[in-house]
Amino acid sequence: PHGGKGRSLLREVEHAPFAKGDCRACHGKSPGIGVCLGCHRDVLKSFNHVHSHLQSVAGGNPCSACHNPHVGDRSGLLPANEGAGCRSCHEGTFSRRAKMLHQHPSWNKCSDCHDLHGSDWPGMVKKSPEEVCAGCHQEHKKFSHPQGDKAPDPRNGIPMNCMTCHEANTGTMYKHFLKGSAERGLCVQCHLSY
């Protein structure tokens, strides 16, 4: 509202129908995702996963929860700060993180780890937790705690992965985003003789 490159002070990226003044391309049609999929059919396959953001929201169109249908700060008609868009629905995650002593750097770039439309992995991470974390932490493959099918978590039988002990998403009160004290509190949950 205070300044912009154009006379109308609009954000830089405009939706093609809006830029052309073609309001009827979207308005006047049945509300819902069909308005967007009428032109963006190829996007639907990115939602066809076990975990997905393709769900109903107030107002009926899940696309508009993240994408502005008229203008945006960057490609995809998204806000400049990716985290600001995610925060509108995931405020609890952002609030918990604000209270944590140890927080993962560059955390507002949610798409570094999460596939924002859909994923077959819990938490909508892009790949397995081990692969996502190894994207930045390659050196941990050499000395990491055993993971996978050969290392079931004794508490629940689920194969261990990075997220078994680390909470990089919200951060924690412990160094390295551990879910408990590395001195003793976390390890004794599985290693009772420790």
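Hydrogens, waters and symmetry mates are skipped; everything else that's a heavy atom, side chains included, is used. Counting from 1, the numbers follow the sequence of the chain as shown.
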(request) Check step by step if side-chain contact (heavy atoms from CB on, under 4.5 Å) holds for L116 and C66. (result) CA-CA 10 Å; L116 303 182; C66 302; over 6 Å; no
(message) The test is side-chain contact (heavy atoms from CB on, under 4.5 Å); show your working for D73 and E12 and say whether it passes.
(response) CA-CA 6 Å; D73 293 312; E12 289 187 41; over 6 Å; no
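Contact between W121 and P129 at its shortest, heavy atoms only, is CE3-CD, 4.1 Å. Of all non-hydrogen atoms in S88 and A65, the two that sit nearest each other are OG-O, 4.0 Å. Considering every non-hydrogen atom in both H117 and H67, the closest pair reads NE2-NE2, 4.0 Å. In terms of heavy-atom proximity, Q189 sits nearest to G185 at NE2-O, 3.5 Å.
Using a 4.5 Å heavy-atom cutoff, the side chains of C63 and I33 are in contact. Between P69 and F18 the shortest side-chain heavy-atom distance does not fall below 4.5 Å. Side chains of L44 and L54 form a contact here, defined as non-hydrogen atoms less than 4.5 Å apart. Under the 4.5 Å side-chain criterion, counting only non-hydrogen atoms from C-beta, P122 is in contact with H51. Taking the side chain as every heavy atom from C-beta outward, T164 and R155 approach each other to under 4.5 Å. The side-chain heavy atoms of C190 and D153, taken from C-beta on, include a pair separated by under 4.5 Å. In this structure, E167 and M100 have side chains that are not in contact, with every pair of non-hydrogen atoms separated by 4.5 Å or more.
No close placement of the F177 and H102 rings is indicated, their centers lying 6.0 Å or farther apart.
One finds the CE atom of M160 at 10.5 Å from the CD atom of E130 (value rounded to the nearest 0.5 Å). Rounding to the nearest 0.5 angstrom, the gap separating the CG atom in N169 from the SG atom in C110 is 7.5 Å. Here the OG1 atom belonging to T170 is positioned 11.0 Å from the NZ atom belonging to K99, to the nearest 0.5 angstrom. Distance check, rounded to the nearest 0.5 Å: CG of D22 to NE2 of H15 gives 10.0 Å. Atom OH of residue Y174 and atom NE2 of residue H166 lie 14.5 Å apart, to the nearest 0.5 angstrom. For the atom pair CZ of F47 and NE2 of H53, the computed distance is 9.0 Å after rounding to the nearest 0.5 Å.
Atom CZ of R41 is surrounded by 12 or fewer heavy atoms from other residues, nucleotides or ligands within 6.0 Å. Within 6.0 Å of the NZ atom in K127, the count of heavy atoms belonging to other residues, nucleotides or ligands does not exceed 12. Crowding of D42 atom CG: a count of heavy atoms from other residues, nucleotides or ligands under 6.0 Å exceeding 12.
Listed for the R11 side chain is no donor-acceptor partner under 3.5 Å among the backbone atoms of P79. The backbone N or O of V50 lies less than 3.5 Å from a partner atom in the side chain of D120, making a donor-acceptor pair. Between the side chain of T172 and the backbone N or O of K179, no donor-acceptor pair lies under 3.5 Å. Under the 3.5 Å distance criterion, the side-chain polar atoms of K29 are left unmatched by any main-chain donor or acceptor of C36.
Residues satisfying the salt bridge (charged side-chain N to carboxylate O under 4.0 Å, His left out) criterion with E82, sequence neighbours excluded, are R74, K109.
Using cut-offs of 30° and 60° for the angle between ring planes, the H27 and H70 rings count as parallel.
Grouping the Ile, Leu, Val, Met, Phe, Trp and Tyr side chains by contacts below 4.5 angstrom, directly or via other members, places L78 apart from V13.
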